[in-house]
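Notes to accompany the following structure.
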Protein chains: 2
Amino acid sequence: MASLESSLVQRLRLSDGASRIELARAMELAPSTVGLYVDRLIEQGFLREGAKSRLSAGRPRVLLELNPKAGYFVGVEFEARQLTAISLDFSNRTLKRHRQTLRATDTADTVLSKIEEGVEAVSARGKRLLGVGVAVPGTVDNERGIAVHYEFIRGWQDVPIVETLGEKFGVPIFLENNVRSMALAERWFGLARECENFICLGIRSGIGAGVVLSGQLYRGENNFAGEIGGWVCPAETAPESSSPAKLEELASVRAILNQLAAAIANGRKSALSGRPLRGFTVDDLSRAAREGDQLVLEKLQQAGEILGRTICQMSLLLNPEMVVVAGPLAELGDLFLESMRQAAVRHTPALHARTPRIVASELGQYSGALGAAAQAVHQWEPSL
Amino acid sequence: MASLESSLVQRLRLSDGASRIELARAMELAPSTVGLYVDRLIEQGFLREGAKSRLSAGRPRVLLELNPKAGYFVGVEFEARQLTAISLDFSNRTLKRHRQTLRATDTADTVLSKIEEGVEAVSARGKRLLGVGVAVPGTVDNERGIAVHYEFIRGWQDVPIVETLGEKFGVPIFLENNVRSMALAERWFGLARECENFICLGIRSGIGAGVVLSGQLYRGENNFAGEIGGWVCPAETAPESSSPAKLEELASVRAILNQLAAAIANGRKSALSGRPLRGFTVDDLSRAAREGDQLVLEKLQQAGEILGRTICQMSLLLNPEMVVVAGPLAELGDLFLESMRQAAVRHTPALHARTPRIVASELGQYSGALGAAAQAVHQWEPSL
DNA sequence: TTGACATATTTCGGCGTCGAAATAAATAAT
DNA sequence: ATTATTTATTTCGACGCCGAAATATGTCAA
């Protein structure tokens, strides 16, 4: 399927600076075969030989590295109110980043052209564009390259992303859901680099999971996998409402902000009290948490408890090695994750289960765009 | 990895009676290659040519079939109180079955020798044994071939199944968890034959899930995947207890029987009322349900509601095409499944999700043993 | 019956990968 | 320095699978 050339390049991305023999062992290929293809890739300008590494005795290994000048990839992502773009050279180093806000009034067409603007904003002149990845919220049809539906943008139905951008840029375009894209970013650049089985828990305006199993991103039968925002939660924690509460209504960023606003309206004290209701953002929340604001910490802990239980359920079903928490709150680190870890451990049965490592993503707000770019990087193949 | 020969045989098992050209298309191989290997397999006695099928015009296809006399496979499974064994000839037809009960006093050694007895009981004289699959409850270490732990049998810790049976029978031995084994049975012989993504929900004394994704049985990082018996359930349905109730304590066969006993002790009327408390079995329960006993139906419905919600959660996370319900209650069919389906649909969000088909296994009580045998069948390779 | 057509299977030359042996390039010992 | 040792890379013959063309075996129409 994937040509040996591209597999070799992929492998080299994982462990930068490997020699021919290391590649051969890692990929279970004959050294002679690796030599053949490496020579070809060097000739084509995608790889180059670097320093020699000497290990005690024997002929030293010639380290191979990716040639940054071979071209670049672009990733674009958008979510509720924000669009980000990033470009990576052939050796996976960041070239440029770009950020722009989306308006509540933006229609599908507007957003589509902002995506194109994003690609152009991070483009490098003089180098060759090799591929573009696009990560969008809502449901996507990966095979047909169509963004199927997203409820918060007017007209965002069956948007032919791949076709449109393909005609404009003339390079391979890859479409993916944005939480899954964040999982890919963790797999290629983040904490899950060595991980075959992990879940990326994306907590933003909604909640979703990017599931990587046996080293492969898992999408499900209809590309709906990971939509755990709709999970029903134990009633004890639900607010007084008719139907049982859903995870997204209890522990998403949007939900936490709403809960804070409600608590403050009810007279609870907080560093955020002065502000007009609904006038504060995630950044305000984070700042208050770091400064030790009791109300904010309490709400974060409540959300953490629920998320920890959710992680426990996913872990019992899938037994992943790791759960990477992503989204703006991940930057709070242990301040946000500790209650999650405790809840997860508390609910995990002693036998027949193991609590996964729960870690905060270190990739920041560009992780979705990074994952989209990674998608293009990953699927790149040398043109003949 | 798997030799082409064995892949061809596998493929032929899926669609019995395919021609060379059909195999070539299905496996994306060159017709010439398929011809080469098929000839070799015929020569070795594993395959044989059957009737010719004519489709309107053209040279007719020569149908290929598995040679039943090429050898046989054995599968053994045990659960709480029962051990089953089955043998299959090379063309996947059942040769013999065997069943025996386990006693509460049986130790690991006793059970191990009962497993061996099971293999011998279904063995066919004159034919060649090609492999044995063993499915056990609790946790297993597939790679090392060791049954790690099961709490309900004394001394069942780190039992070297593969080594022990391997020495005794001199053929490849395969070890698997029994719920996962049931999933394999569904994949090869049951309703999930054409299914790439499905979950087998095993409801017996405990509750577990066998997860098949992208056509592959998924085991998890530490072989713990599918242990959903420990899932915490919404408190509203929990009995008055200190800690939140677990799925297994609410909807397993054992739990339902306990609930029935408790209700009858509290004076509820039922066809089972006459019997001594705890004196009735699953079979009694099934009979009463078929006869329309109100109390039993009510309890089944309550369990179904909870299981339906569980299916919904799994479906949101993994978006499988199908959920196969297995275990003794599955034989009740819609009587047991209908409440499950309704609950699953009710809890599934309209967008971003699709409720999987929920079906009852048709494989009966030998499905675990069947799956174990399938494991051996599946991994068989022609000896040179 | 015969020829035209359709489709399955086999034949055969070519390319890609492997495995073993040869060669290269370093260190360690004499 | 020189030689032995160790390990990486390259060379080269072998084999497996592919693809296109040839061949086999049927149906259908005149």
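The sequence lines fix the lettering, A, B, ..., with proteins before strands; numbering per chain opens at 1. Hydrogens, waters and symmetry mates play no part in the numbers below; they use all other heavy atoms, side chains included.
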Please list, one pair per line, the donor and acceptor atoms closer than 3.5 Å that link side chains of residues 58-65 of chain B to other protein atoms, with sequence neighbours excluded.
from, atom 1, to, atom 2, distance (Å)
B:R61, NH1, B:E22, OE2, 3.1
B:E65, OE2, B:R48, NE, 3.2

- Check against salt bridge (Lys or Arg N to Asp or Glu O under 4.0 Å), A:R219 and A:E143: CA-CA 11 Å; A:R219 299 190 173 89; A:E143 282 177 24; over 6 Å; no
Check this one for me: any side-chain N or O of [X] less than 4.0 Å away from OP1 or OP2 of [N]?
{"X": "A:S19", "N": "D:dA8", "result": "no"}
{"X": "A:R59", "N": "D:dT5", "result": "no"}
{"X": "A:R20", "N": "D:dT10", "result": "yes"}
{"X": "A:K52", "N": "C:dA26", "result": "yes"}

Tell me the interatomic distance from [X], atom [atom1], to [N], atom [atom2], rounded to whole angstroms.
{"X": "B:R61", "N": "C:dA8", "atom1": "CZ", "atom2": "P", "value": "4 Å"}
{"X": "A:I21", "N": "C:dA24", "atom1": "CD1", "atom2": "C1'", "value": "14 Å"}
{"X": "A:L64", "N": "D:dA8", "atom1": "CG", "atom2": "P", "value": "13 Å"}
{"X": "B:E22", "N": "C:dT7", "atom1": "CD", "atom2": "C1'", "value": "12 Å"}
{"X": "B:L29", "N": "C:dT10", "atom1": "CG", "atom2": "P", "value": "15 Å"}
{"X": "A:L23", "N": "D:dA8", "atom1": "CG", "atom2": "P", "value": "13 Å"}
{"X": "B:L63", "N": "C:dT7", "atom1": "CG", "atom2": "P", "value": "17 Å"}
{"X": "A:E28", "N": "C:dG19", "atom1": "CD", "atom2": "C1'", "value": "16 Å"}

Report which part of the nucleic acid [X] touches: base, sugar-phosphate, or nothing (heavy-atom distance under 4.0 Å, all strands).
{"X": "B:L36", "result": "nothing"}
{"X": "B:V62", "result": "sugar-phosphate"}
{"X": "B:P60", "result": "sugar-phosphate"}

- Is B:R193 salt-bridged to B:E186, going by a charged N under 4.0 Å from an acidic O?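 Looking at B:R193 and B:E186, the cut-off is not met.
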- Message: I'd like to know if A:K96 pairs up with A:D89 as an ion pair, taking the criterion as any Lys NZ or Arg NE/NH1/NH2 lying under 4.0 Å from an Asp or Glu carboxylate oxygen.
- Response: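 Between A:D89 and A:K96 there is no salt bridge, as every charged N stays at least 4.0 Å from the carboxylate O atoms.
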- Message: Just to verify, which of A:F73, A:F189, A:W188 counts as forming a ring pair (Phe, Tyr, Trp, His ring centres under 6.0 Å) with A:H378?
- Response: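 The single option meeting the ring pair (Phe, Tyr, Trp, His ring centres under 6.0 Å) with A:H378 is A:W188.
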- Nearest nucleotide by nearest heavy atom, which residue falls closer to the 5' end of DNA chain C, A:R40 or A:A57?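 Nearest-nucleotide comparison on DNA chain C picks A:R40.
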- Query: Can you find a donor-acceptor N/O pair under 3.5 angstrom joining the side chain of A:S32 to the base of C:dG19?
  - Reply: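 Present.
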- Message: Closest approach to the side chain of A:D39, judged atom by atom: which nucleotide of D:dT10, C:dT9, C:dA6 is it?
- Response: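 Closest nucleotide among those given: D:dT10.
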